[in-house]
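Throughout, residue positions are numbered sequentially from 1 according to the sequence presented. Ligands are counted one by one from 1 in listed order, and the atoms in each one are counted from 1 as well.
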Amino acid sequence: MFSEKEIQKIRNQFPILKEKVYSNPLIYMDNAATTQKPLKVIQATKNYYSTMNSNIHRGLHYLSHKATLYVENVRKKIQKFIHAKYSSEIIFTKGTTESINLVASSLASFIKKGDEIIISCIEHHSNLVPWQVLCKKKGAILKIISIYKNGFLKLKDFEFFISEKTKIVTISHISNVLGIINPVKNIIEKAHRYGALVLIDGAQVPSNLYLNMQDLNVDFYVFSAHKMYGPTGIGILYGKKKILEKLCPYQFGGEMIKNVSFDQTIYSDLPLKFEAGTPNIEGIVVWGAAIDFVKEIGISNIRSYKEKLLTYAMKRLKSIDGIQFYGYSSDFSEKSGIISFNLNKLHCFDVGSILDRLGIAVRTGHLCAQPLMNFFKVSGMIRVSFSVYNTFKEIDYLFESLLKAKKILLR
Ligand SMILES: *Cc1c(COP(=O)(O)O)cnc(C)c1O
């Protein structure tokens with residue numbers, strides 16, 4: 001657990017936290033959408049353009065070598081960060097969304113009419129729409145695991161659906177709406193018994209949970225840099241080498257070829273086979289600095305601090321008359337620092353606009369999960385999500401601001 005002084009030290013690394021919003025201090029509680037960036041990351045951006053900007057894997061010259069070396073070092077850094085067996089199992093993409101699209105497109109040739117794909121009703125649109133499109137195209141069937149009222153997956157649905165017909169199971173590790181940590185290891189094990197491949201959407205995970213791909217034994221795992229203090233527009237697809245080697249490339253062009261003639265093209269080996277075109281070189285290099293930041297603080301420290309924030313916030317918010325939580329658990333070890341709720345029958349946008357005027361940034365609306373909104377029979381929610389730089393004082397201010405919003409709107 002951090003002392004107040006340590007948190008202040010961390011906060012000092014985030015210049016944006018000194019910004020004012022309508023002359024109130026900024027209170028940033030929209031971390032599940034994207035986190036703010038520490039000085040280390042901001043400086044790494046400047047450093048990249050000042051000392052190594054050039055294209056990679058092609059130039060013979062000094063700068064190109066330097067940039068290539070940095071990019072490949074970050075690939076190795078990510079390999080270590082998630083305990084993958086080989087660095088060639090790390091494919092750079094523009095983020096979680098592209099990674100899922102890559103897998104869905106590349107697996108298409110293995111999917112036949114009548115095959116089944118299992119997802120859950122809590123998925124982010126980016127882990128729903130690509131599979132829906134694939135099913136429509138191939139005549140495959142989408143099976144959807146439901147949830148209990150408290151937001152936990154109905155695992156008995158999964159056990160009922162899984163069969164030899166199941167080709168892919170794709171589930172989020174932590175729900176971006178409910179914050180619930182799903183029992184993915186269990187799901188992966190059972191899916192493998194039927195020969196199904198498993199993709200885990202880990203967008204909310206890095207810097208929240210310690211990741212070990214070999215222990216998880218997952219086939220595909222995806223996440224973005226920008227939700228773990230890194231830049232936007234860069235993310236990864238982790239895939240088991242044996243499986244990635246069998247898949248067709250997703251895009252075609254430069255970088256991903258070994259040999260091209262007008263008759264045929266021989267593709268590069270992993271990972272370049274899946275990295276057509278000039279990648280987000282800056283993003284990759286700068287992401288390395290974000291990983292250093294997370295490692296310096298320590299994932300378990302970040303996690304236990306966020307658990308404290310969550311516990312404190314739940315204790316305070318619970319006492320607000322008419323508050324309705326979604327994804328409720330009294331066991332905070334099953335939740336990440338995300339709280340979604342509504343106030344009385346107030347529209348989430350109205351509450352969100354008042355919070356914004358008071359300097360508090362939260363997310364409101366369908367949270368990229370419309371089917372989940374339908375499950376709870378609401379058009380939207382208010383989502384508060386914490387990061388390592390949030391404080392107990394900010395939670396007190398949130399609590400008072402919610403009371404203020406209620407007073408104004410229920411007048
Ligand atoms: C943010 C998020 C995504 C999408 O990530 P992008 O970086 O926008 O591609 C997908 N799934 C979950 C659970 C998310 O939280």
*Say whether Ser172, considering both its backbone and side-chain N or O atoms, lies within less than 3.5 Å of an N or O atom on ligand 1.*
no
_Suppose I only count heavy atoms of Ser126 and a 4.0 Å limit; which atoms of ligand 1 are within that range?_
3 (C), 4 (C), 10 (C)
*Give a yes-or-no answer on whether the side chains of Asn280 and Lys94 include a donor-acceptor pair shorter than 3.5 Å.*
no
*asked:* We want to know whether Asp396 and Tyr312 form a side-chain donor-acceptor pair, criterion being a heavy-atom distance below 3.5 angstrom.
replied: yes
*Could you tell me whether the side chains of Thr278 and Asn55 share a donor-acceptor contact shorter than 3.5 Å?*
yes
*asked:* How far is atom 13 (C) of ligand 1 from the closest protein heavy atom, and which atom is that?
replied: Asp201 OD2, 3.5 Å
*Looking only at protein heavy atoms, which one is nearest to atom 1 (C) of ligand 1, and how far off is it?*
Lys227 NZ, 1.2 Å
*Of all the heavy atoms in Gly235, does at least one lie under 4.0 Å from an atom in ligand 1?*
no
*For the residue pair Ser224 and Thr96, confirm or rule out a side-chain donor-acceptor distance under 3.5 Å.*
yes
*Using a strict 4.0 Å cut-off to heavy atoms of Thr96, name the atoms of ligand 1 that fall inside it.*
4 (C), 5 (O), 9 (O), 10 (C)
*Near-ring test Phe293/Phe14, centroid separation under 6.0 angstrom*: yes
*In the protein, which heavy atom is nearest to atom 9 (O) of ligand 1, and how far is it?*
Thr97 OG1, 2.5 Å
*Donor + acceptor pair across side chains of Lys240, Asn217 (<3.5 Å)*: yes
*Side chains of Asn390 and Tyr305, donor plus acceptor under 3.5 Å*: no
*Which of the numbered atoms in ligand 1 are below 4.0 angstrom from a heavy atom of Ser224?*
5 (O), 6 (P), 7 (O), 9 (O)
*Using a strict cut-off of 4.0 Å, indicate which atoms of ligand 1 neighbour a heavy atom of Ala203.*
2 (C), 3 (C), 10 (C), 11 (N), 12 (C), 13 (C), 14 (C), 15 (O)
_Contact with ligand 1 for His226, non-hydrogen, under 4.0 angstrom_ = yes
